[in-house]
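One structure is given below, encoded as structure tokens.
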Amino acid sequence: MTMLAEHESLGPPVELEVFSGPLDLLLHLIRKNEVSIYDIPIVSICDQYHEHLREMQELDLDIAGDFLWMASWLLHLKSKMLLPQSVKGEEDPREELVERLLAYRRVKQLASYLHDSDIVRRCVWPAEVTSAVEQPTEVELDWEDVDLRLLAQTYLDVMQRFEASHPPPLEVLPLRYKVEEKMKEVYHRVRTDGLVPLLRHLNSRSDPEEVVAVIVAALELVRLRGVFAEQREAFTEIYLRPGDRELSARELLHRGASDSG
Amino acid sequence: MDRETLTAGVEAILLTAGGPVTVSALVEAIDDSDADPGTIEDVLASVATSWDRPDSGLRLEHVAGGWRCITPAELDGLLRSYHGIVARQRLSQAALEVLAIVAHRQPVTLPEINFIRGTNSASVVRTLLERKLLRLAGRKKVVGKPFLYRTSKEFLVHFGLDRPEDLPDPEEMVKDETSSGVLSE
Amino acid sequence: MDRETLTAGVEAILLTAGGPVTVSALVEAIDDSDADPGTIEDVLASVATSWDRPDSGLRLEHVAGGWRCITPAELDGLLRSYHGIVARQRLSQAALEVLAIVAHRQPVTLPEINFIRGTNSASVVRTLLERKLLRLAGRKKVVGKPFLYRTSKEFLVHFGLDRPEDLPDPEEMVKDETSSGVLSE
């Protein structure tokens, strides 16, 4: 939040002007002290500037870095001004600051003109008659008003609309368990044990990916009639037992190959 | 309020209303002891008369919802001509979208533009070619060999760019910053 | 085309245009041997005069290189009452300073604006772009290729200027006040 907005929302607890920047504050101090912009008493102005920053800090106003940067510049100038004349050299150390202040003061002048103009011009309303002739069906833009920003915004809007109508496909990660391996495993276990409790077997696996691979493998074995599945009642154990066909090594591979392809 | 100010006020309201204005809304807005409904009706009648001249481009029309400003029907041809000229300086939303797609993804084909926009953009592309904002840049080496489109020199000039690569990253361009508090009451 | 029809036509175009209308667009739209630029300027002057009466709610102004229909400022109170507008936004000091810098030195980059104001103006510039008072005008050919900003047509219309150069010279404004011997607000 800017200082301005914060100041307004809290209501000014004490009389403290809000400045639009460090140069603004500096101009204010010069005016308040009734000194010449060309001959700024740096020591005194520097102290007042720091005093003002301290007040701002007390009010918990967020002090922008620009104010601090100016504070250190003023301190630097102050130290130079305190040196004896002979050490200072020929150039007035304040020269650059004066130039910046003069340039900024011109901006403030023009801004103040625009401020008055803004108030007056807001009293002027566009007079318009909607003609029966031209009722544009869609909003058209003046080519003159189309800038890089509008172009960028339009592009983002188009791409967002595109993405909304084309949701990305679900990402299928390569399974860490191969269905064909599980088919071999389950098939041989059923052949060896004669009867395999599928749910108990699944519950003993902690990795959901392995559970999925086993279920797919079991279904595929049932389809190939290599195993039969039996369940007496709903929600009870599913038993796998040998089916009526003996599966070749190739058949056990087949499903896995097409699945991963 | 004197009669002259009253007349000017009624005219100004009619001309900024953007639709029919009722006598009661006028009475309420003017809120003046001199502005009773009878007087307002009177003023409206005099406005209607003063506009109804051969050298005036304005008419006052009484419609169901109240009083409304219109232009005389005999000037429709002229207005159509003016708005046609202005339209040439304008860009439709569709055209801006195609321009944005080509600018950021060039070179690009019509099927690609259509796919992204989800609608056929052939006529829009043609208009942009005619306006010299797009240019042909060869054919893509895929089935059907569709034309490739790029933005033109004029496009760059309009946006003050030297080369197409100078087009800023759109995300960066539009990125939101902290509220600035430029506006105050 | 007789002068009366010409006047009515110009009025109708101005009133339906929704923004400043240039003399050349009028000439092109009317497309008549009697309607040369000189005659159109003549007609515009007579329309401006005929509207500039105390009992008229219409005025003609010259802004942004064209002619635009507005209501007189003194009717603002009445119009606000009709349109139900109580408070109004104004531009903040920071926004006015940025506009002043851009108007005076355009095209100008953000670092240049920041330097003159002595404070970061990025968010202010962004808001002014959103309000269409500033526009992007390409990139400067220096390291980092910073964006260049200009004032927009909307800026001219809002502040009632024909061209940005019509703003007073701040140099002159400051001189005026130093000659009076006081440092002003």
Side-chain angles (χ1 to χ4, degrees), chain A residues 1-12 18-21 61-62 64 111 114-115 118-119 122-167, chain B residues 11-12 14-19 57-59 68-71 73 75-84 86-101 103-105 115-118 131 133 158-161 167-174 178-182 184-185:
Chain A
M1 192 179 267
T2 63
M3 278 169 47
L4 181 65
E6 204 161 311
H7 203 71
E8 278 178 349
S9 63
L10 295 173
V18 174
F19 299 99
S20 73
L61 291 176
D62 182 25
L114 289 175
H115 171 262
D118 181 42
I119 290 174
R122 276 173 201 273
C123 296
V124 161
W125 294 59
E128 210 178 331
V129 176
T130 35
S131 89
V133 172
E134 190 70 7
Q135 292 285 16
T137 43
E138 72 168 320
V139 183
E140 295 207 319
L141 304 141
D142 205 325
W143 176 230
E144 250 182 80
D145 293 339
V146 178
D147 66 8
L148 285 173
R149 211 182 130 72
L150 182 58
L151 195 73
Q153 185 62 61
T154 304
Y155 181 68
L156 293 180
D157 292 347
V158 169
M159 293 318 288
Q160 199 179 16
R161 199 178 63 209
F162 174 77
E163 274 155 31
S165 56
H166 297 80
Chain B
E11 277 195 12
L14 289 166
L15 285 159
T16 56
L58 259 178
R59 296 288 182 276
R68 187 175 67 171
C69 304
I70 52 163
T71 53
L75 294 174
D76 280 0
L78 196 57
L79 289 180
R80 218 169 277 130
S81 158
Y82 173 75
H83 289 287
V86 172
R88 278 193 267 127
Q89 287 304 310
R90 288 177 179 263
L91 208 59
S92 68
Q93 181 62 29
L96 184 60
E97 285 183 16
V98 170
L99 209 53
I101 292 169
H104 290 97
R105 304 178 79 97
F115 181 63
I116 292 169
R117 289 196 62 226
R131 287 184 64 173
L133 293 172
H158 176 84
F159 290 102
L161 301 172
L167 201 69
D169 175 55
E171 301 274 358
E172 205 179 302
M173 188 85 243
V174 176
T178 47
S179 72
S180 63
V182 166
S184 58
E185 279 299 305

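Being a predicted model, the structure only gives us computed values, none of them experimental. Residue numbers begin at 1 in each chain, while the letters A, B, ... track the order of the sequences.
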(request) Check each atom of Leu161(B) against the heavy atoms of chain A and say whether the ones under 4.5 Å are side chain, backbone, both or neither. (result) side chain
(request) Report the option among Asp157(A), Asp145(A), Leu150(A), Asp147(A) that has the most heavy-atom pairs separated by less than 4.5 Å from atoms of chain B. (result) Asp147(A)
(message) Checking the side chain of His158(B) only, and the main-chain atoms of Leu133(B) only, is there a donor and an acceptor separated by less than 3.5 Å?
(response) no
(request) Counting only heavy atoms closer than 4.5 Å, note whether Arg68(B) contacts chain A via side chain, backbone, both or neither. (result) neither
(message) Taking side-chain hydrogen bond (donor to acceptor under 3.5 Å, both in side chains) as the definition, give me every residue that meets it alongside Tyr82(B), ordered by chain and number, with sequence neighbours left out.
(response) none
(message) Measuring from atom CE of Met159(A) to atom NE2 of His166(A), what distance do you get when rounded to the nearest 0.5 angstrom?
(response) 10.0 Å
(request) Could you tell me which portion of Leu156(A) (side chain, backbone, both or neither) has an atom closer than 4.5 angstrom to a non-hydrogen atom of chain B? (result) side chain
(request) Please list, chain by chain and in numerical order, all residues satisfying side-chain contact (heavy atoms from CB on, under 4.5 Å) with Leu58(B), sequence neighbours excluded. (result) Val129(A), Leu15(B), Trp51(B), Ser56(B), Cys69(B), Leu15(C), Leu58(C)
(message) Under 4.5 Å from any heavy atom of chain B, what part of Glu144(A) do you find: side chain, backbone, both or neither?
(response) backbone
(message) Check this for me: Arg161(A), atom CZ, are more than 12 non-hydrogen atoms of other residues, nucleotides or ligands nearer than 6.0 Å?
(response) yes
